[in-house]
Amino acid sequence: MDTNAHFSGLERCASIWACPVCSAVIRAERATDIQSAVEKWQTDENHLVFVTLTMRHKRTDKLAVTLNAALKAWSKVTSGRAWVNFKNQFGVQGFVRAVEVTLGENGWHPHIHALLFTNKPMTADDQEALSSALFDRWVKYVTSLGGGIPSKLRGIDVRPATKDGKVVAQYLSKVQEKNLKPDQGIGKEMARFDFKTGRGLSMTPFELLDGSDNDENFIIMKLWNEYVAATKGRRAITWSQGLRDLVALEDERTDEEILEDTKEDDLQLLIPGQDWDRIKNKPLRLADILEYTEKGDLESVVTVIETALPVQWEPA
């Protein structure tokens with residue numbers, strides 16, 4: 001298929017955070033936009049730098065506090081005279097910022113991924129200088145906003161990135177991926193959080209729903225409700241001002257505009273209602289269905305549906 005797959009015949013809520021159906025559709029277009037920008041930008045003269053920023057966190061931390069700290073700290077890091085000087089020093093022409101949230105044994109873990117578009121190559125010395133400059137500002141702002149003090153070892157990761165996503169994949173596999181596809185490109189690495197799975201004892205919010213059982217319903221619903229409340233109204237992916245013009249992309253469409261377009265595509269597969277009931281609360285299976293459909297592999301789609309376990313519970 002030449003277009004992104006999506007589910008139709010369903011009610012739309014336009015939630016990129018909490019709805020496995022709407023999230024897949026919205027994130028697919030966001031990923032396509034990022035990948036297009038990357039391919040237009042990266043030449044012999046232009047380059048990409050992938051940055052991840054995290055903070056210390058513990059079980060008692062409220063997601064609303066730590067997520068707010070991460071987002072506002074990034075906003076402060078990328079504003080003011082110091083940011084102008086930073087851009088001039090390292091040739092930064094713009095960035096795409098994505099925020100992700102995982103849940104582990106130490107509680108909620110919001111973190112920032114940023115793809116910097118630069119017009120200067122990144123030497124080893126430049127990489128160290130950029131990392132140091134960003135880390136100092138990140139620590140200053142994230143702690144002032146209620147986040148835990150980031151460590152130098154884990155609080156920041158900076159590395160040059162290639163448009164095929166291999167360098168990005170190397171980092172993400174260390175942090176949170178089990179089944180990462182290293183050739184899927186930076187666009188999907190940045191935007192397709194709905195495809196991702198946790199590493200070790202951590203999990204994504206969608207995995208929280210996927211792994212539910214009757215004995216844990218109360219805890220799961222409490223955590224899920226906290227996640228939904230904390231992310232509501234937040235932007236998962238943002239572009240710096242002027243970057244889309246710089247890479248000759250059209251104006252960014254709203255989530256609602258993206259979903260509206262899904263009504264116009266050709267039907268690929270009809271899922272009976274009773275089968276949909278078995279998979280509708282299984283976000284990772286829904287993501288697999290869309291990915292296989294985009295590849296034209298409808299046989300694998302049928303397998304995913306047929307092997308789905310019965311739904312244990314349904315969120316309110």
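Computed from a predicted model, the values in this text were never measured in an experiment.
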Revision key, fill the gap. The reported gap from NE2 in H57 to NE2 in H111 (rounded to nearest 0.5 angstrom) is 9.0 Å
Exercise for review: Using modelled atom types only, decide if a donor and an acceptor are shared between the side chain of Q127 and the backbone of V158 within a distance under 3.5 Å.
Suggested key: yes
Exercise for review: Answer with yes or no whether the hydrophobic clustering places I271 together with V302; edges join I, L, V, M, F, W, Y residues whose side-chain heavy atoms lie under 4.5 Å apart.
Suggested key: no
**Study point:** Joint cluster assignment, L246 & V38, ILVMFWY side-chain distance < 4.5 Å
**Key:** yes
**Study point:** Flag for H113-T52: side-chain donor and acceptor within less than 3.5 Å
**Key:** yes
Exercise for review: May I ask you to check whether over 12 heavy atoms, not counting those of Q241, lie within 6.0 Å of atom CD?
Suggested key: no
Check your understanding: Any sub-3.5 Å donor-acceptor pair from T54's side-chain atoms to R154's backbone N or O?
Key -> yes
Exercise for review: Locate the shortest heavy-atom distance separating G146 from V65; write the atom from each residue and the value.
Suggested key: O-CG1, 4.1 Å
**Study point:** Side-chain touch F117/V96, heavy atoms, less than 4.5 angstrom
**Key:** yes
Check your understanding: Any side-chain heavy-atom pair from N46 and K120 closer than 4.5 angstrom?
Key -> no
Check your understanding: Distance from E105 atom CD to M203 atom CE, nearest 0.5 Å?
Key -> 11.5 Å
Revision key, fill the gap. Between the OG1 atom in T204 and the NE2 atom in H109, the distance rounded to the nearest 0.5 Å is 13.0 Å
Review point. Does D251 CG have over 12 foreign heavy atoms under 6.0 Å away?
Key: no
Review point. Would you call D33-R244 a salt bridge at under 4.0 Å N-O?
Key: yes
Exercise for review: Could you please spell out the steps behind the side-chain contact (heavy atoms from CB on, under 4.5 Å) verdict for L249 and W239?
Suggested key: CA-CA 11 Å; L249 285 183; W239 295 65; 3.6 Å; yes
**Study point:** Linked, directly or transitively: V304 and V301 (ILVMFWY side chains, under 4.5 Å)
**Key:** yes
Review point. So, Q93 and W41: side-chain donor and acceptor under 3.5 Å apart, yes or no?
Key: no
**Study point:** Closest contact, heavy atoms only, V101 versus P205
**Key:** O-CD, 3.1 Å
Check your understanding: Taking the side chain from T293 and the backbone from I289, do they hold a donor-acceptor pair closer than 3.5 Å?
Key -> yes
Review point. Is the shortest distance from a Lys or Arg side-chain nitrogen in D136 or K152 to a carboxylate oxygen in the other one below 4.0 Å?
Key: no
Revision key, fill the gap. On a heavy-atom basis, the closest approach of I156 and S131 is CD1-O, 3.4 Å
Review point. Does R56 reach the side chain of S151, with side-chain heavy atoms less than 4.5 Å apart?
Key: yes
Review point. What distance separates I26 CD1 from C19 SG, expressed to the nearest 0.5 Å?
Key: 8.0 Å
Study note, to complete from the structure: ring-ring contact (aromatic ring centres under 6.0 Å, His included) filter on F86, not counting sequence neighbours, yields W83, F90
Check your understanding: Between A230 and L67, what is the shortest heavy-atom contact and its length?
Key -> O-CD2, 3.5 Å
Check your understanding: Side chains of D126 and T123: donor-acceptor distance under 3.5 Å anywhere?
Key -> yes
Check your understanding: Are the side chain of T118 and the backbone of V92 linked by a donor-acceptor contact shorter than 3.5 Å?
Key -> no
Check your understanding: Which heavy-atom pair separates A14 from C22 by the least distance, and what is that distance?
Key -> N-SG, 3.4 Å
**Study point:** N-O pairing of R159 and D157 below 4.0 Å
**Key:** yes
Practice item. Begin with the C-alpha distance, continue with both residues' side-chain angles, and end with the deciding distance and a verdict on side-chain contact (heavy atoms from CB on, under 4.5 Å) for K62 and T66. Key: CA-CA 7 Å; K62 297 298 183 183; T66 54; over 6 Å; no
Exercise for review: Could you walk me through whether L116 and L48 pass side-chain contact (heavy atoms from CB on, under 4.5 Å), step by step?
Suggested key: CA-CA 6 Å; L116 308 183; L48 298 163; over 6 Å; no
Review point. Is there a donor-acceptor pair closer than 3.5 Å between any side-chain N or O of N225 and the backbone N or O of K222?
Key: no
Point to revise | R30 side chain vs M190 backbone, donor-acceptor pair below 3.5 Å | key: no
Check your understanding: Is it true that the side chains of N68 and R234 contain a donor and an acceptor less than 3.5 Å apart?
Key -> yes
Check your understanding: Any donor and acceptor pair, going by atom type alone, linking the side chain of T143 with main-chain N or O of V139 inside 3.5 Å?
Key -> yes
Exercise for review: Check whether more than 12 heavy atoms from other residues, nucleotides or ligands sit under 6.0 Å from atom NZ of K76, and answer yes or no.
Suggested key: no
Exercise for review: Show your reasoning for whether side-chain contact (heavy atoms from CB on, under 4.5 Å) applies to I112 and R97.
Suggested key: CA-CA 7 Å; I112 300 290; R97 186 275 293 157; 3.8 Å; yes
Study note, to complete from the structure: Correct closest heavy-atom pair for A114 and W74 would be CB-CH2, 3.5 Å
Check your understanding: Under a 4.0 Å N-O cut-off, is there an ion pair linking R285 with D288?
Key -> no
Point to revise | All ring-ring contact (aromatic ring centres under 6.0 Å, His included) counterparts of W17, not counting sequence neighbours | key: none
Check your understanding: Taking the side chain from S132 and the backbone from A129, do they hold a donor-acceptor pair closer than 3.5 Å?
Key -> no
Check your understanding: Tell me, do T78 and F95 make a side-chain contact under 4.5 Å, heavy atoms counted?
Key -> yes
Review point. Got a salt bridge between R253 and E29, using NZ or NE/NH1/NH2 to carboxylate O under 4.0 Å?
Key: yes
Review point. Looking at R235 and E252, does any basic side-chain N land under 4.0 Å from a carboxylate oxygen?
Key: yes
**Study point:** Beyond-backbone contact of F50 with P160, side-chain heavy atoms, under 4.5 angstrom
**Key:** no
Point to revise | S75 side chain to L71 backbone, donor-acceptor under 3.5 Å | key: no
Exercise for review: Give the cluster check for V84 versus V49: same hydrophobic cluster or not, with ILVMFWY residues linked at side-chain heavy-atom distances below 4.5 Å.
Suggested key: no
Revision key, fill the gap. Rounded to the nearest 0.5 Å, the CG atom of D125 sits from the CG atom of L130 at a distance of 12.5 Å
Review point. Is a side-chain donor or acceptor of K40 paired with a backbone partner of A248 at a separation under 3.5 angstrom?
Key: yes
Review point. Please walk me through it: do Y227 and W224 pass ring-ring contact (aromatic ring centres under 6.0 Å, His included)?
Key: CA-CA 5 Å; Y227 167 75; W224 177 256; 5.3 Å; yes
Point to revise | Euclidean distance, L223 CG relative to L103 CG, rounded to 0.5 Å | key: 5.5 Å
